[in-house]
Each structure stands twice: as structure tokens, then as C-alpha cells.
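Here is the structure we will look at.
Labels below follow one simple rule: chain letters A, B, ... track the order of the sequence lines, proteins then strands, and each chain is numbered from 1. Keep in mind it's a predicted model, so treat the numbers as computed, not measured.
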Amino acid sequence: MSFRGARPGRFARRLLVAGGLLACLAPASAQSGAVPGYLPNPPGTYALQDIMQAGDGRVLDSQGRTRRLAEFTRGRVTLLSFIYSSCADPAGCPYAYTVFHLVRSALEEDPAARRKVRLVSLSFDPHRDTPETLRLYGGPDANREAPVRWDYLTTRSTAELLPILSAYGQDASVEKDAAGRPRGPFAHVLKVFLIDRRGRVREIYTTAYLLPPVVVNDIRTLLLEEGREGH
Amino acid sequence: MPKTHRSHSLRLFAALAAAACVAAPARADETSCSPYTPLIQGQEDLVYVWTLGVKGVGDGSDKLVTIDVNPASRTYGKVVHKLSIGGRGEIHHIGLSDDRRYLWGGALDSNRIYVFDIGTDPAKPKLVRTIKDFVQKSGGYVGPHSFIALPGRMLVTPLSNSRDHGGETGIVVYNNQGDFVASHPIPKDGGGDGYGYDAGVNPAKNVFLTTSFTGWNNYMMDLGKLVKDGEAMKRFGNTSVMWDLKTFKPIKVFQTPGAPLEVRWSLAKGDNWALTTSALTSKMWMYKQDAKGEWQVKEVATIGDPAKIPLPVDISIARDGKSLWVSTFMDGTVRLFDLADHGKVREVYQKQVGSQVNMVSQSFDGKRVYVTTSLLGNWDKKGKDDEQFLKIYDWDGKELTQKVHIDFYKEKLGRAHHMKFQVRDLRQLKPLDTAADGLPLLAHSR
């Protein structure tokens, strides 16, 4: 299913329901985030730009095991965002979380996308977002057997996080207490990264223009591209 | 969706909706920035002026000049930092990155692109990257002009090409790390002339608009000589192009004769129209979708007396889309146009601010208007008419009142060209329309 000229399907209907809720999230961004003001281009009719290599670094999975981030950004089409579990800005992490849900709902029923797409949420906040916290935060979303897997990752320390943020060009700043621990929210421009199975960043979305139908069509475009390349 | 997922999602939606339905009215901000860039919704602290070096003036080098513009500051109205980049390359425009932590500046003759860190210490910009292979990487485009932030990328609009140094050119994309990503030619079919100048992005409609100027042969020629060269004067752009922002494919070419220059989209909520002005014909053009959704262009106003060629060179749109400042270089005048009725766009105020004026920029609230003077190194006026300054005015809705005047020659700086605002603390800034204002109980993140 694409979002141009298609009969509104199950996902579109869900969007309409979600859109009603999202419409009052933030003045205009959420409105445009729920339902675009244009018809997205059909999947496979365009090529996404090859923007940059996806960043790598040491991370902790939700079981507390040390892994390489590259393990989570290769082999499948990946949608990655930086989040922190205490983020309460409706135009920030929770909005990305909602969009991830909508995207997953659209794709997990599609045989062409099942087990070819992955979602990754990587925390800004290694001090408060321990693997255990993220296990609770992810809850049933983190089901590793899901057709569209959703991994929640954190890092051992700020020192291990910063090179990853830098590699993705993700800004973030936070006030710290006397002991150097983060205090209050992380100021950041929400970005979501679409990464192909080779680990190349092919699209970047920011808050105001994080449109679920567009994201889904971009993912399908990458899947079609990879199909043509014989993967 | 498994039941557990669905119930979790519904709880999430309900919680978000309940929290967010106290949302604030729509906000807008500095009006020429990319819609992806966090905006200064209050008092700007600093203005960066991209300044052309002049032989015999100071160190003679092109430089980025930083000026304190916060009236509450002890150094208000003073140059607080200057950073020479070495040599003179016909520097022209600057543009903010998508996180406002970097400033990109281009040089139309040397074809270099300079990237400054303005996030670590905004009052002391630091040159962190110089891109020297723009022509080679872009496939032969010359004269990097405008810099418009896209998520993780910078859209660059060159003016010319290395083949004949004429006006045929393209658009170029770099990533934020300074690596070349892609380039695309400005269309020559469908009525296009292949010329380029500025670009304006409207993600809500998945489009961007490009305009057109002239090639290296003309913009590096002495203006007095150029206007006497009939053949050269034919080589100006007469078109503008609407593009698909996702695919980077042209949607439609418009005939907008006489070098349509700066592009501005209205920032008002629900507005999806753009403006440009053509320098040689002194016309204002508006782009809108018709009832069928097709983009159309219409001439909506005349600027000054076209017979006198006032040369409208820059525009600054109010955040509510109701008015537009236009600067006309030749008569050194800034003019305010009332845009409230698109069928009756008219000039309602004008003031001569100098012997020549190029850029005009307004603050988020429209209460402060900034002007600078240099158009191009070889096009600026000569002798006593070659005034070079930054002036800051207060605007009360009726009159411009000068507050700051920095003479760029007296300060041994050079020719004052493009401006961008900055604050000392970036943490409070938000991109357009993502404000969570009205949610005081919720923490913020940009």
C-alpha cells in the first residue's frame, strides 16, 4: 500500500484516528505530522539521497550486553531516533515514539517488509536510561520476535554516547548538577534517521515534518531498491 | 497489532492528547531561515555580517564580523569579534545549519565554502571547515550562493558553471559533515533557461522554489561596463522553478522576467504561498496553488519606477505574511509593502537609508530592521556613494528610527553584505511550528 492514489487502508484509517489526537499536540507540526498537506510520492518512483554513513559506537542493548551500534543499522532497513525515557515534550521523543508505532503497524502486516525493517531508539541519557529502565520503557514493544523488531539501546557513559551523536549530527545539551549528572530535559532538535541495509543514511526527518505516510513510502522505496539490487 | 501493543499505543495517544490539547497558538519567527532551523523568537543577541575584504581597508581580507545587537548588553552596537578567512573571493551569502550550530558562507569567485562553528561560543565563531572542491564535486557548478538547511544537509544554489561561466547552473546538496551528496541541473526544457540564484523550502507542501540571476561573466564585471553591454544584459535569468522536495525533480517552470532573486514563503499558519522580486523589471511575483493544486505565478506589484531601475535586491517578509520589506539598491531605499490583500499589494512606507542598500532583515517580532550595503564587489557604487555600513532601526509600525550605525570602512572591516542573527544560549530555540508553549507543566526539548 502506498499513500498516493490508494484507497484508504487500515493504516490510513488508524492515521485518521491518531491524527485526531495528534492534531492538538503542537500547533502545526503535529497536524502536518499526522496527515501531509500533499500526496506523498509512490514508493519506488524516486531515489533517496545517499546522505552519509550511519554512525557506529559501543552501545548497551536492553539486556545490558555490550554491542556495536552497527549491528543494529545493517542488514535491515532501519529507522533510528535518539530519545530519552523522561522526555515529556509532545513535539519531541513522544511524537517520534508515536510515529514509530504507526510505521510499524503499517509494515508488520506487509510480507514484503516483515523481518526486513527494524526500529531503533537510542537514549541520550546513559545516566538515567539504564538497560533495565529501557526494558520497562519499551515494554511489549521490545518483543524481539516481532515482524518489525524494535530495539531500545543505551550507552555506558556520556563519553561513549558523544561520538555517536557527533557522527549522526544530532545536537543535544542538558544542564548538569554538581556531580555532573544531567538535570532536567535534553534540549535537542528531534531527528529520525532512515538507514538502508548497507548502513547508509538515506533520509533524515525532523519534528515538524516527520510524516508517517512519507516515512512508510520511503521505507518501501528502499525495500524496492534493494529488491532490484538482488538482496 | 497485538492487543498489548494496541492498548499501549492507545494509552500513549490519550496521554499525549490530554497533555497537548492546551497547545498554544501558532508561532512564527525570523522569516528568512530554513523551516528546519530553530528560530529566535525573542531578542537576538548577535548579528553576523559576511563582509567582503577591500584592498587597503584593514587586513583587506574577507571576514565574518560579529556584532552585539542586544540593547541590554554592555557592548550593544559594537563589533565584538571579527574572523578573517584570508584573501578575497567575492563572498556573498551565509546560511544556518539545521541545528543553528553552524554557519555556512560562500564565495562567488573563489568557489570556496566556509563552515563556522557558531554553537560552541556564538560570540566567537570559529572556522572549522573550508570546502575547496565545490566546482569539481558538483559537476562544474560555480559560485555557491544561497545555503538553505535541510535535515542533516545543506542545499546550495550556485550561480554559474565552469564551462562558459554563463548563467546555466544547478542545485547542490552537501551533508552537514561537508561531504558532497548530489547535484541537479536547473531545467532548460519546459520553458526553463537553466539559471539559478536562491531557493526557498516549503516542507508542508513538499516543494522548494528556485529563482535565477546571472553567471560569473556578469556578476564579476564592473556594473557600469555591464549595463552598457547589450549582449551581456541579455544574459540574465527570466525563470523560476518549483521542485519536488522529496525527489528533487522540477515540477513546473515559471516565466518571471528580469532576474527574480530572493525567495520567501509566508510563515503564517495555513499559508502556502511564496514571493520573489525581479531586479531588472522591478516586479513582485507571487506563487500559489490554484483550485486544482497546480502551482501558478502572478505579478502582484511594481516596485518604485521600473524606468529608473531601482534594482530591488532583497526582501524580508513579516512573520504573519501581511507585509514585506523591499530594499532597492540604486536609490538606497527600503520600502514596506502591504500584503494583506493579495489583489492590492501596495507600498505603504519608504525611507532612504543610505546612498546604496542591499540586504534587509527583520527580527522575529518585526520591531527591528537591519540593513547592509554591499551588493557585489564590482557592482557597489564608487567614491562617496560607496557607503558601507550596518544600520539597525526600530520599527513602530509607522516610522524607522535608527538605533545603531556601524561604518564598515571607518571600522576597517570592508563591504557589509549578508546578515544572520544568533543568540548566546541556543537551548531555548525551537524550529518553526514545533513550539510546546502553553504546556508550562511539561519540560521542553527543542
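Neither the backbone nor the side chain of B:Tyr174 comes within contact range of chain A; no heavy atom of the residue lies under 4.5 Å from a heavy atom of that chain. For chain A, no part of B:Val207 is nearby; none of its heavy atoms comes within less than 4.5 Å. The contact between A:Ser166 and chain B is made entirely by backbone atoms, counting heavy-atom distances below 4.5 Å.
A distance-only check finds a donor-acceptor pair linking the side chain of B:Asn175 to the backbone of A:Ile51 [under 3.5 Å].
The structure places CG of B:Leu245 at 7.5 Å from OH of A:Tyr38, a figure rounded to the nearest 0.5 Å. Atoms CG and CD1, from B:Asp98 and A:Ile204 in turn, are 7.5 Å apart once rounded to the nearest 0.5 Å. Here CZ of B:Phe180 is found 11.0 Å from CG of A:Asp50. Values are rounded to the nearest 0.5 Å.
The candidate with the highest count of non-hydrogen atom pairs below 4.5 Å against chain A, out of B:Pro203, B:Gly293, B:Gly270, is B:Pro203.
In this structure, the side chains of A:Gln49 and B:Val173 come closer than 4.5 Å at one or more pairs of heavy atoms. No side-chain heavy atom of B:Val181 sits less than 4.5 Å from a side-chain heavy atom of A:Met52. A:Asp218 has its side chain within reach of B:Lys246: a pair of non-hydrogen atoms, C-beta onward, lies under 4.5 Å apart.
Looking at A:Leu39, A:Leu211, A:Asn41 one by one, the single match for side chain to side chain contact (heavy atoms under 4.5 Å, CB included) with B:Asn206 turns out to be A:Asn41.
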